[in-house]
Every structure is written in C-alpha cells, then in structure tokens.
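Side-chain atoms are counted along with the backbone in the values below, which use heavy atoms only and exclude waters and symmetry mates.
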Amino acid sequence: MENKKESEISQAQKIVRDCQLKGKVITFDALHCNQKTAALVIESGNDYIMALKKNQKKLYEQVEAVIKCENPLSVDVTHEHSHGRKVTRKVSIYQVDSNFFQQALNK
C-alpha cells in the first residue's frame with residue numbers, strides 16, 4: 001500500500017471500515033497494533049490477530065500477564081527451513097475482553 005497522502009495505518013483502517021465481510025479473522029503486523037484499529041475490527045463484526053512488539057510496553061506487559069494466568073484456547077506450531085536456517089513459529093490464541101487495549105493502556 002503506497003499512498004503519499006495517507007499513512008499505511010489510516011489506509012488499513014479505511015479498508016476495515018469499508019469491508020463488508022462479517023465473522024472473519026483479520027491479521028495485522030505490529031505496525032497496526034493499536035487501539036483504534038482493534039476497535040474498528042470489533043465494530044465491523046470481525047476478530048483480529050495482531051503482532052505485538054516490546055516497544056508497546058504497557059500492552060506487552062498486559063499480554064504477558066494474560067499468558068501467565070490463562071491457558072490458550074488454541075496453539076499452533078510450524079517448522080520451516082528457509083534460506084539455510086530453521087524457523088519455528090508459535091501462535092497461541094487467548095480470549096480477552098473487547099476493551100483489552102483500553103484496559104492495558106490505562107494501567
């Protein structure tokens with residue numbers, strides 16, 4: 001997505017707002033891990049998976065607390081060999097309240 005007048009974040013948010021799909025899971029990289037995007041996805045009747053990095057300290061700490069206290073609903077591990085190295089990816093799915101971002105940011 002390249003648009004000199006809008007950021008990638010605002011373009012992605014516009015796509016979510018305009019999307020007519022319901023009951024889908026939308027995935028985002030860490031750039032889009034923010035409260036507004038999450039709220040738009042929920043308001044659109046969909047769910048999301050977002051990558052999270054440690055530079056979002058409060059949110060990262062909140063996620064760590066969930067991981068320590070809760071069991072995941074689902075876990076998937078994949079193993080690949082790519083460019084001469086082994087890559088292991090683990091995705092764990094946890095149920096959180098729809099206002100999770102707001103709670104994390106207010107702590």
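The two residues Leu52 and Cys33 make their nearest non-hydrogen contact at CD1-SG, 3.9 Å. Of all non-hydrogen atoms in Leu73 and Tyr94, the two that sit nearest each other are CD1-C, 4.3 Å.
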Determine, stepwise, if the pair Glu8 / Leu31 fulfils side-chain contact (heavy atoms from CB on, under 4.5 Å). CA-CA 9 Å; Glu8 182 178 334; Leu31 175 67; 3.6 Å; yes
**Request:** Kindly indicate, with the supporting measurements, whether the criterion salt bridge (Lys or Arg N to Asp or Glu O under 4.0 Å) is fulfilled by Arg89 and Glu80.
**Result:** CA-CA 9 Å; Arg89 291 184 178 88; Glu80 300 175 9; 3.3 Å; yes
Handout entry: Derivation and outcome, side-chain contact (heavy atoms from CB on, under 4.5 Å), residues Ile93 and Val75
Key = CA-CA 6 Å; Ile93 307 296; Val75 177; over 6 Å; no
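Between Asp47 and Ile26, every side-chain heavy-atom pair lies at or beyond the 4.5 Å cut-off. No side-chain heavy atom of Ser92 sits less than 4.5 Å from a side-chain heavy atom of Ile67. When side chains are defined from C-beta on, Lys90 does not count as touching Asp76, because their heavy atoms never get closer than 4.5 Å. In this structure, Val25 and Asn46 have side chains that are not in contact, with every pair of non-hydrogen atoms separated by 4.5 Å or more. Two residues are said to be in side-chain contact when any heavy atoms from C-beta on lie closer than 4.5 Å; Ile9 and Asn34 meet this criterion. Side chains of Phe28 and Ile49 form no contact here, defined as non-hydrogen atoms less than 4.5 Å apart.
Distance check, rounded to the nearest 0.5 Å: OG of Ser44 to NZ of Lys22 gives 5.5 Å. The distance from the CD atom of Glu61 to the CD atom of Gln56 is 12.0 Å, given to the nearest 0.5 Å. For the atom pair Thr37 OG1 and Ile42 CD1, the distance stands at 11.0 Å (nearest 0.5 Å).
No side-chain donor-acceptor contact under 3.5 Å links Glu70 to the backbone of Lys68.
No more than 12 heavy atoms of other residues, nucleotides or ligands sit less than 6.0 Å from atom CD of Gln95. Counted within 6.0 Å of NZ on Lys57, heavy atoms from surrounding residues, nucleotides or ligands total 12 or fewer; the atom is thus considered open.
For the residue pair Gln13 / His32, no side-chain donor-acceptor distance below 3.5 Å is found, with atom types taken as modelled.
Residues Met50 and Val91 do not share a hydrophobic cluster, clusters being chains of Ile/Leu/Val/Met/Phe/Trp/Tyr side chains in contact below 4.5 Å.
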